[in-house]
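Here's the structure we're looking at; comments come further down.
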There are 2 protein chains.
Amino acid sequence: MPTREEAKAQRREDIVNAAMRLMYTRGDSGFSMRALADAAGVSIATPYNLFGSKQAIMLAVLDTGMALYEQRLGKLQADELEIFFEAVSLATELYAEAPKFHQAVLFSAYGDGGRDYRAVFGDPRFLFWKALVERARNAGFLEIDVDPSALALALSQQFFICILEWAYGEIGLAELEQRVHYTFALLLHGAATSSGSRRLKPRIKLLQKNLTDRWSVSDPRKSVAASQ
Amino acid sequence: MPTREEAKAQRREDIVNAAMRLMYTRGDSGFSMRALADAAGVSIATPYNLFGSKQAIMLAVLDTGMALYEQRLGKLQADELEIFFEAVSLATELYAEAPKFHQAVLFSAYGDGGRDYRAVFGDPRFLFWKALVERARNAGFLEIDVDPSALALALSQQFFICILEWAYGEIGLAELEQRVHYTFALLLHGAATSSGSRRLKPRIKLLQKNLTDRWSVSDPRKSVAASQ
DNA sequence: CAATAATTTATAACATGTTATAATGCAAAC
DNA sequence: GTTTGCATTATAACATGTTATAAATTATTG
């Protein structure tokens, strides 16, 4: 005889779990609200009662992924500048572990019926980068008068759009990592102190060379899908 | 007695014109394939025969807009560094002239049924920025060994995502302009020669201050829609 | 225990992008 | 000028996210 709220929480959990299971196994295709309701053993009306929309369910899934991500990131040892690049690399590792799942999440959160675009890559992620920027500033790598919001926004947006390109099948994970690293180095360099700049400048050169080499064999705008 | 190809071209034009008309008047909502077919005086099957998908029609509309844009940009007088910022400002002016139309275009091109994401902000726009980067490099503002593709990609992506935020109603045009300017200055600075850097560095300061001031009254991640 | 009120269920419906099909119209080829 | 074949039409259909509605279930309240 569970209480009404408990039963509701249970259903909520069932739905999120079913959503994750579906996306792990079938990826984005075949993951419809009707299939979700079936898999969760629930009527199709219930997910709408409890979450409101398909996108809201995706966001719940996305949030559990974010929690796992931050937990793993905490275990890394890297200084206040290196952590930006490590954070990007860690994300690509997570994507590599379950690519179809992550693609499905991003795709669903951003695709059908999703109008609340900002929520997808919104506050939690923005705040995450902002905290890193503040740490780097306090460590003396970034100028003391940098606006953490402005820089963090640029970083998170750039990361987001590269992830989106990957989710859409336009680039592979290796290129995703390289491109975000390159852009992060550029953006950070713009706000760097001389000590930060000393480390970022050669990094930019190196990262740019990576991209140049990569694109010398395949065009930068030729999609992965198209070249297969 | 028009030739078969002529008739086809005529229908194509009718459809694109009807699409533009619909979006100018009704914006994104109310612009469906069925409404489009009606407005173009054509069966609903015909747009699919001639374009393949709704997104392809949007891209055709987007391309005519791009042509107008480049034409207007050519009339501007600005040096090889200033042109980046002028180009951004010109785009926001165009958006301001017909905001609902442009929002509808972006939204449709990116929203329902659109999977070919890259095409939306793909080659033509990327090549446009790449050409500007090459010009700035030849003018001595950017280092000679900069990879124009890498930098142009970062620029166009950043521009794109800010436009998308605007189209989704998250930010206004003024903020769009300021944010893209800021990020552009950061990115360009990362590849700048000392002569370019001399001009970009104070600009970054100024642009960052603009954003700080803006956000001192409204949170950077509080959406326009939500604050109304 | 009985009455109440909140939730879920089953189901139908709507709007959408898209595809399929058979019939029609009409330029092109002979 | 007749035949041929391509393109469009009208129409139905499908899958999707989402909403509405009435009935059934069930925890809570008295």
Side-chain angles (χ1 to χ4, degrees), chain A residues 1-15 18-19 22-23 26-61 104-105 107-117 119-120, chain B residues 1-15 18-19 22-23 26-61 104-105 107-117 119-120:
Chain A
M1 59 206 73
T3 196
R4 237 195 269 269
E5 280 310 313
E6 285 170 351
K8 205 186 275 194
Q10 180 64 53
R11 269 183 225 108
R12 234 186 264 268
E13 202 185 314
D14 289 347
I15 290 170
L22 270 180
M23 285 190 291
R26 295 221 272 273
D28 172 66
S29 68
F31 172 58
S32 66
M33 290 299 275
R34 287 167 178 85
L36 172 63
D38 272 3
V42 104
S43 159
I44 186 171
T46 301
Y48 285 100
N49 287 335
L50 296 180
F51 291 89
S53 69
K54 181 177 187 178
Q55 183 174 243
I57 297 168
M58 294 302 96
L59 292 182
V61 174
V105 174
F107 207 80
S108 297
Y110 206 75
D112 294 321
R115 305 280 96 127
D116 189 7
Y117 136 80
V120 176
Chain B
M1 57 205 75
T3 194
R4 234 195 271 268
E5 281 310 312
E6 285 170 353
K8 204 185 276 194
Q10 181 63 54
R11 270 183 224 110
R12 232 184 264 268
E13 203 185 314
D14 289 347
I15 290 171
L22 270 180
M23 285 191 291
R26 293 220 272 276
D28 172 66
S29 68
F31 171 59
S32 66
M33 290 300 275
R34 286 168 179 84
L36 172 63
D38 272 4
V42 102
S43 159
I44 184 168
T46 301
Y48 286 100
N49 286 334
L50 296 181
F51 291 89
S53 69
K54 181 176 187 178
Q55 183 173 244
I57 297 168
M58 293 302 96
L59 293 182
V61 173
V105 174
F107 207 80
S108 296
Y110 206 73
D112 294 322
R115 304 280 97 126
D116 190 7
Y117 137 80
V120 176

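Lettering of chains follows the sequences in order, A, B, ..., and the numbering in each one begins at 1.
Of all nucleotides listed (C:dT7, C:dT16, D:dG17), C:dT16 comes nearest to the side chain of B:Ser32. For A:Leu50, the side-chain atoms get nearest to C:dT8 when compared with the rest of C:dT19, C:dT8, D:dA10. Among the nucleotides C:dT18, D:dT9, D:dT18, the one closest to the side chain of B:Ser43 is D:dT9. Side-chain proximity of B:Met33 to C:dT8, D:dG17, C:dG17: nearest is C:dG17. Nearest nucleotide to the side chain of A:Thr46, out of C:dT8, D:dT8, D:dT11: C:dT8. When the nucleotides D:dT9, D:dT26, D:dT18 are ranked by their closest atom to the side chain of A:Arg4, D:dT26 comes out on top.
One interatomic measurement links the two molecules: CD of A:Gln55 to P of D:dT16, which rounds to 18 Å at whole-angstrom precision. If you take OH of B:Tyr48 and C1' of C:dA20, they are 13 Å apart, rounded to a whole angstrom. What separates CE of A:Met58 from P of D:dT18 is a distance of 10 Å, to the nearest Å. The NZ-P distance, from A:Lys8 to D:dT26, rounds to 16 Å in whole Å. Whole-Å rounding puts the B:Leu36 CG to C:dA15 P distance at 18 Å. Residue B:Arg34 contributes atom CZ, which lies 11 Å from atom C1' of D:dC14 at whole-angstrom precision. Atom CZ in B:Phe51 sits roughly 11 Å away from atom P in D:dT8 (whole-Å rounding).
B:Thr3 contributes no side-chain N or O that, together with a main-chain N or O of B:Glu6, makes up a donor-acceptor pair within less than 3.5 Å.
Comparing B:Ala45 and B:Glu5 along DNA chain C, the residue whose closest nucleotide (by nearest heavy atom) sits nearer the 5' end is B:Ala45. Both A:Ile44 and A:Asn49 lie close to DNA chain C; mapped to their nearest nucleotides by heavy-atom distance, the more 5′-ward contact belongs to A:Asn49.
The shortest distance between side-chain heavy atoms of A:Leu36 and A:Met33 falls below 4.5 Å. For the pair B:Leu50/B:Ile15, a side-chain contact is recorded, criterion being any heavy-atom separation below 4.5 Å from C-beta on.
Taking CE of A:Met58 as the reference point, atom CZ of A:Phe31 lies at 3.5 Å (rounded to 0.5 Å).
Using a 4.0 Å cut-off, no side-chain N or O of A:Lys54 falls inside it from OP1 or OP2 of D:dT18.
If you run side chain to side chain donor-acceptor pair (under 3.5 Å) between A:Asp14 and each of A:Arg11, A:Arg12, A:Gln10, only A:Gln10 comes through.
Within the nucleic acid shown, A:Arg11 comes within 4.0 Å of sugar-phosphate atoms alone, with no base atom in reach, counting heavy atoms only.
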